Amino acid sequence: QVQLVESGGGLVQAGGSLRLSCAASMRTFRNYDMGWFRQAPGKEREFVSRINWSGGSTYYADSVKGRFTISRDNAKNTVYLQMNSLKPEDTAVYYCAADPRADPSNTYRYWNYWGQGTQVTVSS
């Protein structure tokens, strides 16, 4: 059973920072690639970032490149998303995702496991 629990969302002013965490329940956490997606009201869920099982490969959407950093701690079964220089357009519900297949697609429909999401609101 895979359970993902996000935390760290909140309200922040433009230019501020937040750090999201995703705690995973599976004992084989290191076998999963992990990702972050977001969904704004009225929009489709979109890819934000992903990281491979070892943390050696990371990928970002162009819209967050240079501002967001994904990382993972396999000893703690946790993946993080450090978000800096936040903009109002970053406002969304942020979801953690997991998949055991290597090099998963950036398309959200591909991913097998999801958290419940955490709200991030950036005020201008």
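In this text, all values refer to a predicted model and were calculated from it rather than measured experimentally. Residues take their numbers from the sequence shown, with the count starting at 1.
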Quiz item: Taking only residues two or more places apart in sequence, or in another chain, which ones meet W114 in a ring pair (Phe, Tyr, Trp, His ring centres under 6.0 Å)?
Solution: F37
Quiz item: Can you name the closest pair of heavy atoms from A14 and S124 and give their distance?
Solution: CB-CA, 4.4 Å
Quiz prompt | Atom of N77, atom of F29 and distance for their closest heavy-atom approach | solution = OD1-CB, 3.4 Å
Under the side-chain contact (heavy atoms from CB on, under 4.5 Å) test, which residues partner [X], sequence neighbours left out?
X	answer
D99	R101, P104, Y110, W111, N112
K65	Y60, D62
N31	T28

Self-check item: Pairs touching residues 103-118 that satisfy salt bridge (Lys or Arg N to Asp or Glu O under 4.0 Å), sequence neighbours left out
Solution: E44-R109, R50-D103
Distance (rounded to the nearest 0.5 Å) between [X] [atom1] and [Y] [atom2]:
X	Y	atom1	atom2	value
L20	T78	CG	OG1	12.5 Å
T58	M34	OG1	CE	14.5 Å
Y94	T118	OH	OG1	10.5 Å
S71	I51	OG	CD1	6.0 Å
D90	F68	CG	CZ	4.0 Å
R72	S21	CZ	OG	13.5 Å

Donor-acceptor contact present, side-chain [X] to main-chain [Y], <3.5 Å:
X	Y	result
T91	E89	no
N106	S49	no
D33	W53	yes
E6	Q116	yes

Quiz item: Pairs in or reaching into residues 53-124: which pass disulfide bond (SG atoms under 2.5 Å apart), with residues at least two apart or in two chains?
Solution: C22-C96
Practice problem: For T69 and L81, run side chain to side chain contact (heavy atoms under 4.5 Å, CB included): C-alpha distance rounded to whole Å, both residues' side-chain angles, the deciding distance at 0.1 Å, then the answer. | Solution: CA-CA 6 Å; T69 303; L81 186 69; over 6 Å; no
Quiz prompt | Single hit among M83, Q82, K87 for side chain to side chain contact (heavy atoms under 4.5 Å, CB included) with R67 | solution = K87
Exercise. Determine, for Y95 and R45, whether the Lys NZ or Arg CZ falls below 6.0 Å from the six-membered ring centre while staying within 45 degrees of the axis.
Key: yes
Quiz item: Without hydrogens or angle criteria, can the side chains of N84 and S17 be said to hold a donor-acceptor pair below 3.5 Å?
Solution: yes
